[in-house]
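Down below is the structure, laid out as structure tokens.
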Amino acid sequence: MISEPGDILKKKSSQAAASIKWCKFVSESARIEDKWMDLQANLSLLGVSIHIVEKAEGRNQTPIAEFILLGFGNVPELQPLLFLLFLVIFIVTVAGNILIVALVVADRHLHIPMYFFLGSLSCLEICYTSTILPRLLASLLTGDRTISVKGCIVQIYFFGILSTTESLLLAAMSYDRYLAICNPLRYAALMNGRVCFQLVAGCCISSFLLCTIVNIFLFQLTFCDSKEIDHFFCDFSPMIKLSCGDTQTLQLMASTIAAIGTLAPFLLTLISYIHIIATILRIPSTTGRQKAFSTCSAHLTVVIVYYGTLITVYVVPTANSHKVLHKLFAVFYTVLTPMINPVIYSLRNKEVNTSLRKAILKIIPFRNRHRSLKDTF
């Protein structure tokens, strides 16, 4: 049966209408999809804005000019006791390290690379202790626990320089012991006075440059959160939490510099002592092994104490319930380690012991002679 021309026209017109409707549907779907994507983008931006607003509302937006170091709590009965304790520690630390420096300078037998590094370490410990303890003593004596923001950043700066220098210097001392034990025939040529001076100067300059980079960015921060720092000195981590700006870049930079200034020297020290211990174990005689080990035992003890407390304070995670324990380890790392270093070197080092005994024997006759002259006149 042949369709009428009118039926054919109707069919074609209906097909055309259907295709037009389909095109409209496709374009409408595309438009709805574009609107949906725009809506998702706007919601994402809105979420970020809400997060920023909430963060800003949770903080005090007024920039602060000073911090409050909470220290060891607000117990008035403990303040005099803590003051006397830290005062004794400060005096013993400074006196002990000055004694080591005086012995190294005065005794010709100690004019060798090992004791040049020891004298440099003692000078460093005096400065290191003086960065933290005088401020702590003043706070315990007067009860004033406030410190300006700039003063806090300056304390962090010098603390960072001195702690990084100590890590690098301990690595240089371990290299000195490595050459003395593993390569004794070339030791005098490889470790002369010029090389020793260059190593110490390199440690100081490197730590200065590394810490200066961090502190340039630290001085640009604004602090508008709580004034309270739950520590007895200005440390980087507790202070950075009080910033009201973005600190992710600064924290990443500080972590990188800490890895260069602390982790790298630790690995060098570890490698040096692996070679040293392996060489000592190959020495056939027991006397030879004891003599070789005695030349580096004091330094090894100092390294273990230093890095043991350092890792406990800055690497091991601490919960809120362990803040007191964290502070105690920080006291050991920052205050007690500089005090016990001269004791370790005096007890475990025969040359320092002998030099100290000679100095005491010289002082006693001088005092007796001076007393007899006073009695005479």
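In this text the structure is predicted, and so the values were computed from the model without any measurement.
The main-chain N or O of M239 is never found under 3.5 Å from a side-chain atom of S243 such that the two would form a donor-acceptor pair. In this structure, the side chain of H231 does not engage the main chain of K327 through any donor-acceptor pair within 3.5 Å. Of the possible donor and acceptor atoms, none in the side chain of T129 sits under 3.5 Å from a partner among the backbone N and O of I126. Of the possible donor and acceptor atoms, one in the side chain of S163 sits under 3.5 Å from a partner among the backbone N and O of G160. With hydrogens and angles disregarded, no donor-acceptor distance shorter than 3.5 Å links the side chain of S139 to the backbone of R135. With N215 contributing its side chain and L218 its backbone, the two residues share no donor-acceptor pair below 3.5 Å. A donor-acceptor pair under 3.5 Å is formed between the side chain of R289 and the backbone N or O of I283. Looking at T247, its side chain never comes within 3.5 Å of a backbone N or O of L250 through a donor-acceptor pair.
In the displayed structure, F158 atom CZ is contacted under 6.0 Å by at most 12 heavy atoms of other residues, nucleotides or ligands. Remark: Y115 OH is packed, more than 12 non-hydrogen atoms of other residues, nucleotides or ligands lying under 6.0 Å away. Counting heavy atoms of neighbouring residues, nucleotides and ligands inside a 6.0 Å radius, atom CZ of F217 does not exceed 12 of them.
With sequence neighbours excluded, no residue forms a ring pair (Phe, Tyr, Trp, His ring centres under 6.0 Å) with H109. Residues meeting the disulfide bond (SG atoms under 2.5 Å apart) test with C234, sequence neighbours left out: C152. Considering only residues two or more places apart in sequence or on other chains, S207 meets the side chain to side chain donor-acceptor pair (under 3.5 Å) condition with T165. Every residue meeting the side chain to side chain donor-acceptor pair (under 3.5 Å) condition with Y273, not counting sequence neighbours, appears here in chain and number order: H299. Take T142 and apply the side chain to side chain contact (heavy atoms under 4.5 Å, CB included) test, not counting sequence neighbours, and it matches D144.
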Margin query: The test is side-chain hydrogen bond (donor to acceptor under 3.5 Å, both in side chains); show your working for N97 and E125 and say whether it passes.
Written below: CA-CA 7 Å; N97 284 288; E125 299 288 28; over 6 Å; no
Notebook entry, point to check: Does the side-chain contact (heavy atoms from CB on, under 4.5 Å) test come out yes or no for S120 and L169, once each step is laid out?
Noted result: CA-CA 8 Å; S120 303; L169 190 57; 4.2 Å; yes
Next item on the list: Kindly determine whether T212 and Y157 satisfy side-chain hydrogen bond (donor to acceptor under 3.5 Å, both in side chains), including the steps that lead there.
Entry: CA-CA 7 Å; T212 300; Y157 181 50; 2.7 Å; yes
Item checked: Derivation and outcome, side-chain contact (heavy atoms from CB on, under 4.5 Å), residues L121 and E166 -> CA-CA 7 Å; L121 181 65; E166 184 163 359; 4.1 Å; yes
Item checked: Working for side-chain contact (heavy atoms from CB on, under 4.5 Å), residues I260 and L210 -> CA-CA 9 Å; I260 296 169; L210 289 172; 4.1 Å; yes
Next item on the list: Tell me, with the steps shown, if L137 and F83 meet side-chain contact (heavy atoms from CB on, under 4.5 Å).
Entry: CA-CA 6 Å; L137 289 170; F83 174 77; 3.8 Å; yes
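There is a side-chain donor-acceptor pair under 3.5 Å between S167 and Y306.
Listed here is the closest heavy atom pair of F332 and V305: CE2-CG1, 3.7 Å. The heavy-atom pair separating V101 from S122 by the smallest distance is CG2-CB, 3.7 Å.
Here I277 is tied into one hydrophobic group with L281, each link being a pair of ILVMFWY side chains closer than 4.5 Å.
Classified by interplanar angle (parallel below 30°, tilted 30° to 60°, perpendicular above 60°), the ring pair Y333/Y128 is perpendicular.
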